[in-house]
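A quick note: this is a predicted structure, and the numbers were derived from the prediction, not measured.
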Amino acid sequence: MKKHNFSAGPCILPQEVFEKAAQAVLDFNGMGLSLLEISHRDKAFVAVMEEARALALELLGLTGKGYQALFLQGGASMEFLRIPYNLMKENGKAAYLDTGTWASGAIKEAKAFGETVVVASSKPENYNHIPKEYSIPADADYFHCTSNNTIFGTQMKHFPDTNVPMVCDMSSDIFSRTLDFSKFDLIYAGAQKNMGPAGVTLIVVKEELLGKTGRAIPNIMNYQQHIDKESMYNTPAVFAVYTSLLTMQWLKNLGGIAAIEKLNEAKAKLLYDEIDRNPLFKGTTVKEDRSNMNATFLLADENHKELFDSMWKAAGVSGINGHRSVGGYRASMYNALPIESVQVLVDVMKELESKI
């Protein structure tokens with residue numbers, strides 16, 4: 001039976017990416033060697049890294065605009081630390097918008113470096129919306145936000161206009177929708193949602209932003225060091241970078257971000273329409289802030305849980321259990337998830353209604 005993978009991450013990737021990556025594990029580029037055993041200094045992999053960095057900028061529309069793309073390790077959690085190291089001045093200040101678990105994790109790390117102002121938080125309402133009314137201190141070294149909140153199913157639809165450098169964690173919606181990415185001075189994203197397997201993080205940074213903190217930065221934490229070494233200051237995550245490249249090539253061949261955005265909007269509409277129509281279900285977030293990537297919803301009556309769970313599992317649906325902090329269900333609809341899989345879930349929801 002075909003599995004319909006709604007996992008929140010690591011998650012579904014395009015089938016052709018799996019096939020090409022699997023072949024590379026057996027024999028990379030006809031070299032008679034596995035991708036897993038060649039040197040990261042081999043010209044064949046150096047070419048992969050160069051293309052991956054260039055293609056990331058191309059897809060975001062940032063080529064030739066003063067940005068550098070890096071593929072580093074440690075996940076978004078490492079960037080929680082690396083960002084204040086590189087951007088917060090000694091005795092400086094940073095502004096953060098608190099919209100969920102990962103935003104609060106970033107705030108905690110920043111507090112070790114200087115004054116960290118939380119401009120707004122939706123925590124009192126269990127992060128069920130994106131705060132709208134807030135002001136960013138004009139003297140902040142940067143403003144940090146999280147574009148999509150995987151656990152709580154919210155997504156920023158608008159970003160503030162500010163003269164302060166804007167940093168955004170796009171781990172769970174990178175490459176999923178069109179934005180003016182030049183509004184952001186630093187973007188970072190763990191690969192394991194829309195871009196590749198776990199193990200590598202994309203960082204896109206405006207180079208002129210760096211070198212202004214007045215603090216000593218350890219080399220492994222220093223973005224400029226990684227730029228100078230072309231993402232090879234230390235041994236890169238070779239397989240994760242290569243698979244990310246394959247995924248970005250797949251996206252480009254589809255027509256880029258504008259093309260995938262239309263598909264993502266159709267998937268989200270299909271599922272949210274059923275959540276709103278079907279009296280057995282209810283959404284957990286404010287409608288205007290609903291994420292196109294992660295739809296979170298509950299059963300109106302928990303007595304139906306055993307039956308519903310057995311039905312979606314029998315249909316081949318996988319990975320829709322909600323995070324423990326929200327409960328219920330979470331259907332993650334990342335780029336590679338086909339709309340046919342969403343239709344299967346919707347059909348199960350309709351079938352449940354017919355049985356009750």
Side-chain angles (χ1 to χ4, degrees), residues 9 11-14 17 51-71 76 97 99 102 130 132 143-150 153-162 165-196 201-206 244-273 285-295 331-339 342:
C11 66
I12 189 169
L13 290 174
V17 169
E51 184 180 353
R53 293 177 65 200
L55 187 49
L57 294 179
E58 179 185 336
L59 288 168
L60 297 172
L62 296 177
T63 304
K65 295 184 179 179
Y67 291 81
Q68 294 280 352
L70 299 168
F71 285 90
L97 181 64
T99 53
W102 306 116
I130 301 291
K132 309 297 190 303
F143 166 69
H144 178 285
C145 57
T146 306
S147 58
N148 187 77
N149 298 283
T150 324
T154 59
Q155 186 175 42
M156 292 182 72
K157 307 299 183 180
H158 306 283
F159 295 85
D161 292 318
T162 175
M166 185 152 54
V167 175
C168 190
D169 178 356
M170 294 189 182
S171 289
S172 53
D173 67 351
I174 189 77
F175 299 137
S176 71
R177 56 175 171 159
T178 56
L179 294 170
D180 178 4
F181 294 100
S182 66
K183 285 188 65 169
F184 304 93
D185 297 86
L186 191 152
I187 295 165
Y188 65 102
Q192 65 275 12
K193 315 290 188 183
N194 278 330
M195 192 169 56
T201 310
L202 171 66
I203 297 97
V204 177
V205 59
K206 188 176 286 186
S244 295
L245 172 60
L246 294 178
T247 308
M248 289 189 290
Q249 290 172 338
W250 168 83
L251 179 56
K252 181 179 178 179
N253 291 337
L254 275 181
I257 294 175
I260 203 70
E261 179 180 40
K262 293 178 182 178
L263 297 173
N264 289 334
E265 288 176 344
K267 291 184 290 187
K269 184 179 187 304
L270 178 60
L271 182 53
Y272 283 124
D273 281 354
T285 65
V286 173
K287 288 186 179 181
E288 66 184 21
D289 296 329
R290 281 174 165 174
S291 168
N292 282 357
M293 295 285 95
N294 312 98
S332 297
M333 299 173 285
Y334 298 123
N335 284 357
L337 183 78
I339 195 167
V342 182

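Applying the ring pair (Phe, Tyr, Trp, His ring centres under 6.0 Å) test to Y188 and every residue at least two apart in sequence or in another chain returns H144. In this view, K65 and L62, Y67 satisfy the side chain to side chain contact (heavy atoms under 4.5 Å, CB included) rule, not counting sequence neighbours. In this structure, the side chain to side chain donor-acceptor pair (under 3.5 Å) partners of S147, at least two apart in sequence or on a different chain, are D173. Residues passing the side chain to side chain contact (heavy atoms under 4.5 Å, CB included) test with L254 are W250, I260, sequence neighbours excluded. Listed by chain and residue number, A8, N294, R330, Y334 satisfy the side chain to side chain contact (heavy atoms under 4.5 Å, CB included) test with S332 (two or more places apart in sequence, or in another chain). Residues forming a side chain to side chain donor-acceptor pair (under 3.5 Å) with N264 (at least two apart in sequence, or on another chain): K267, N335. Every residue meeting the side chain to side chain donor-acceptor pair (under 3.5 Å) condition with S172, not counting sequence neighbours, appears here in chain and number order: N148, T150. Take D169 and apply the salt bridge (charged side-chain N to carboxylate O under 4.0 Å, His left out) test, not counting sequence neighbours, and it matches no residue. Applying the salt bridge (charged side-chain N to carboxylate O under 4.0 Å, His left out) rule to K269 yields the partners D273; only residues at least two apart in sequence or on another chain are considered. With sequence neighbours left out, A52 forms a side chain to side chain contact (heavy atoms under 4.5 Å, CB included) with F71, V241, L245, M248. Taking the salt bridge (charged side-chain N to carboxylate O under 4.0 Å, His left out) definition, one finds that D161 meets it with K183, sequence neighbours left out.
Separating the NE2 atom in H158 from the CD atom in Q155 is a distance of 11.0 Å, to the nearest 0.5 Å. Rounded to the nearest 0.5 angstrom, T285 OG1 and R290 CZ are separated by 5.5 Å. In this structure, CD on Q192 lies 10.5 Å from CG on L13, to the nearest 0.5 angstrom.
The two residues K157 and E288 make their nearest non-hydrogen contact at CG-O, 3.6 Å. For the pair M333 and A295, the tightest heavy-atom approach, listed with the atom from each and the gap, is CE-CB, 3.9 Å. L271 and A331 get closest at one heavy-atom pair: CD2-CB, 3.7 Å. Here the closest heavy-atom approach between residue F175 and residue A56 is recorded as CE2-O, 4.2 Å. Nearest approach of Y272 to G153, heavy atoms of both residues: OH-O, 4.5 Å. Of all heavy-atom pairs between T201 and G190, the closest is CG2-N, 3.9 Å.
You'll find the side chain of F181 reaches within 4.5 Å of the side chain of I257, heavy atoms only. With a 4.5 Å cut-off on side-chain heavy atoms, P338 and I12 count as touching. With contacts defined as side-chain heavy-atom distances shorter than 4.5 Å, the pair L179/M170 qualifies. With a 4.5 Å cut-off on side-chain heavy atoms, W102 and S171 do not count as touching. Between P14 and T247 there is a side-chain heavy-atom pair separated by less than 4.5 Å. I174 is not listed as a side-chain neighbour of K193, based on a closest heavy-atom distance of 4.5 Å or more. L263 is not listed as a side-chain neighbour of I339, based on a closest heavy-atom distance of 4.5 Å or more.
Applying the side-chain hydrogen bond (donor to acceptor under 3.5 Å, both in side chains) definition to pairs two or more places apart or across chains, those involving residues 52-61 are R53-Q68, E58-K252.
Panel note: side chain D289, backbone I130; a donor-acceptor pair is recorded below 3.5 Å.
Annotation for K262: atom NZ does not count as buried by contact number, only 12 or fewer foreign heavy atoms lying within 6.0 Å.
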task: List the steps, then state whether side-chain contact (heavy atoms from CB on, under 4.5 Å) holds for I187 with L202.
output: CA-CA 8 Å; I187 295 165; L202 171 66; over 6 Å; no

